[in-house]
Amino acid sequence: MTMSRSIAQLSALLQSGALDAVDLFEETFEKIETHTDETIFTVLLKTRARSEAEASRRRIREGRSLGALDGVPVAWKDLFDIESLPTTAGSFVLKTNEPAARDAGVVRALASAGMVSVGRVNMSEFAFSGLGINPHYCTPRNPASPDGEHRIPGGSSSGSGVAVAAGLVPVSIGTDTGGSVRIPAAFNGIVGYKATRGRYSMDGVFPLAQSLDSLGPLCHTVQDAAWVDAAMRGLPAGMALPRPAISDLSFVVPETVFFDDAEAEVVEAFELAVDHLAKQGARIRREAFPDFSSIFDLMAKNGALVTAEAFILHRERILGAAAADMDPRVVKRTRLGEKITLANYMETLAERDRMITAFEARLEPGSLLLSPTLPHVAPALQPLLDDEDLFFQVNGKTLRNTLIGNFLDWCGVSMPCGKGASAMPVGLLVSGPRGSDENVLAASHSLQVALGS
């Protein structure tokens, strides 16, 4: 099963000539086109992908490889501009928009590294839900479900998480405004890296809330994430990621918010992982962070930043005829932004700046946060479709842990750390303050190796 391999494994085969880029392209599309879940991809770029794979084959055969990612397939969340296609953001109402004149900046960056763009993947409409449910393109099945029950994939980068977890592509690029890379990574049992906001070009990326939006890859290993991270910034990919000794790492487990109402099996899997790391010498302490609770108090008082900015972005749609063709849950949540005043919004921004500064001053230099990515495993889909109140309750709980990182401008990596209820994956989240991406990636690399995940 070639496509279940990591980027690094595929790269070694491609660069050595043991695997041909066009053969890999053909295997990839055969898997996608014969897969039982037809809701993962919304658009296939077969003609483009074949051309890119053929060019990669020529380069590698002639000794002109563009680097470690040359010939490796990649899928894109339906928020990234692809030349000659409208960017639909998981919706129907944007299908008649003008086609993009050129690829998004990061799409161009990965093409310059030789990656083969195979298609766009499904997502929550307008990226405004952590569950991954989409009534227009249907909801991808979580392939980690051992009993075949249709469980949610997590959102909003639902198709990205499922495409990687199902072995269709080794990496898919998502966006993360409140957890939309880390949530599907945790629910599907893979790695998801949310970079510091502003680390990559946002040119040609359809926004949700620009004060919170960030990007990142979903893949199988932290090493893979680091390679893609380099290429997305226009740097050479393929350098070995530092792997500090576990005994050189220092972590803080936050006692505030992250464990509230968490499933017992999630806490157990997380604590087993922490114990394993502590036995290998990791320095781990526990600490309360009252400001984490204050974030939710501030949201209750002034409304959420994401809601305010999403309302401004979509107000003509949700107050006009287009609303009838949108997910009513997205419309309902977005309309809450109508009640948020400019004074509310400005006060939230000012308080956010204060909290970011206070957190960064409080965290010991070099220390990172270690927490459960989510307080629960992926639930069944149907009850969420049947009960709108349950949908909003579960959506809020799903986003709760990860949105703290967006609000405080963190970067973070979610990786598998065991199984929870119904043998579903549990995610462990390594988070660091803005700009600490190299430290977070290196530490996460060591942890993934140590945990065997």
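FYI, the numbering just counts along the sequence from 1.
With no hydrogens or angles considered, no side-chain donor-acceptor pair links Ser293 and Asp291 at under 3.5 Å. Donor-acceptor pairing under 3.5 Å is recorded for the side chains of Arg182 and Asn406. In summary, the side chains of Gln382 and Asp386 do present a donor paired with an acceptor at a separation below 3.5 Å, with no hydrogens or angles considered. In this structure, a donor-acceptor pair under 3.5 Å is present between the side chains of Thr398 and His376. Defined by atom type and a distance below 3.5 Å, a donor-acceptor pair is present between the side-chain atoms of Asp78 and Thr88. When only modelled atom types and interatomic distance are considered, Lys77 and Ser157 share a side-chain donor-acceptor pair under 3.5 Å. Remark: the Thr87 side chain and the Asp81 side chain contain an N/O donor-acceptor pair separated by less than 3.5 Å. Defined by atom type and a distance below 3.5 Å, a donor-acceptor pair is missing between the side-chain atoms of Ser6 and Thr221. Inspection of the Thr334 and Arg317 side chains reveals no N or O donor paired with an N or O acceptor under 3.5 Å. Counted by atom type alone, Thr348 and Asn302 present one or more donor-acceptor pairs between their side chains at under 3.5 Å. Ser124 and Ser156 share no donor-acceptor pair across their side chains, judged by distance under 3.5 Å alone.
A salt bridge does not link Glu263 to Lys419: none of the charged nitrogens lies less than 4.0 Å from a carboxylate oxygen. Checked for salt-bridge contact, Asp409 and Arg197 meet the test: a charged N lies under 4.0 Å from a carboxylate O. Ion pairing between a basic and an acidic side chain is recognised when a charged N comes within 4.0 Å of a carboxylate O; Arg285 and Glu364 show such pairing. In this structure, Arg286 pairs ionically with Glu271, as a charged nitrogen and a carboxylate oxygen lie closer than 4.0 Å. Look at Arg434 and Glu360 and you find a salt bridge, because one of the NZ, NE, NH1 or NH2 atoms lies within 4.0 Å of a carboxylate O, short of that distance. The existence of a salt bridge linking Arg233 and Asp229 is confirmed by a sub-4.0 Å separation between a basic side-chain nitrogen and an acidic carboxylate oxygen. Salt bridge absent: Glu125 and Arg329 never bring a charged side-chain N and a carboxylate O closer than 4.0 Å.
Counting all heavy atoms, side chain and backbone alike, Ala113 lies closest to Ala231 at CB-CB, 4.0 Å.
Using a 4.5 Å heavy-atom threshold, the side chains of Leu69 and Ile7 count as touching. Val440 has its side chain within reach of Leu368: a pair of non-hydrogen atoms, C-beta onward, lies under 4.5 Å apart. Proximity of Val377 to Pro425: side-chain heavy atoms (C-beta onward) are nowhere separated by under 4.5 Å. For the pair Pro416 and Val426, the minimum side-chain heavy-atom distance is 4.5 Å or more.
Taking the six-membered ring where tryptophan is involved, the planes of Phe92 and Tyr137 are perpendicular, since the angle between them exceeds 60° and thus also 30°. Ring orientation note: the planes of Phe258 and Trp410 are close to parallel, at an angle under 30° on the 30°/60° scale.
With Phe80 as the aromatic partner, Arg120 does not meet the cation-pi criteria of under 6.0 angstrom to the ring centre and within 45 degrees of the ring axis. For the pair Arg362 and Phe289, the distance from NZ or CZ to the six-membered ring centre is under 6.0 Å and the angle to the ring normal is within 45 degrees.
More than 12 heavy atoms of other residues, nucleotides or ligands sit less than 6.0 Å from atom CD of Glu26. Counting heavy-atom neighbours within 6.0 Å of Glu268 CD, excluding the residue itself, gives a total of 12 or less. Heavy atoms of other residues, nucleotides or ligands lying less than 6.0 angstrom from CD of Glu33 number more than 12. Around atom CZ of Arg352, more than 12 heavy atoms belonging to other residues, nucleotides or ligands sit under 6.0 Å away.
Checking each of Asp176, Val430, Asp437 against Cys411 for a side-chain contact (heavy atoms from CB on, under 4.5 Å) leaves exactly one that passes, namely Asp437.
Separation of atoms CD (Glu309) and OG (Ser211) is listed at 3.5 Å; rounding is to 0.5 Å.
A centroid separation of 6.0 Å or more is found between the aromatic rings of Phe206 and Trp76.
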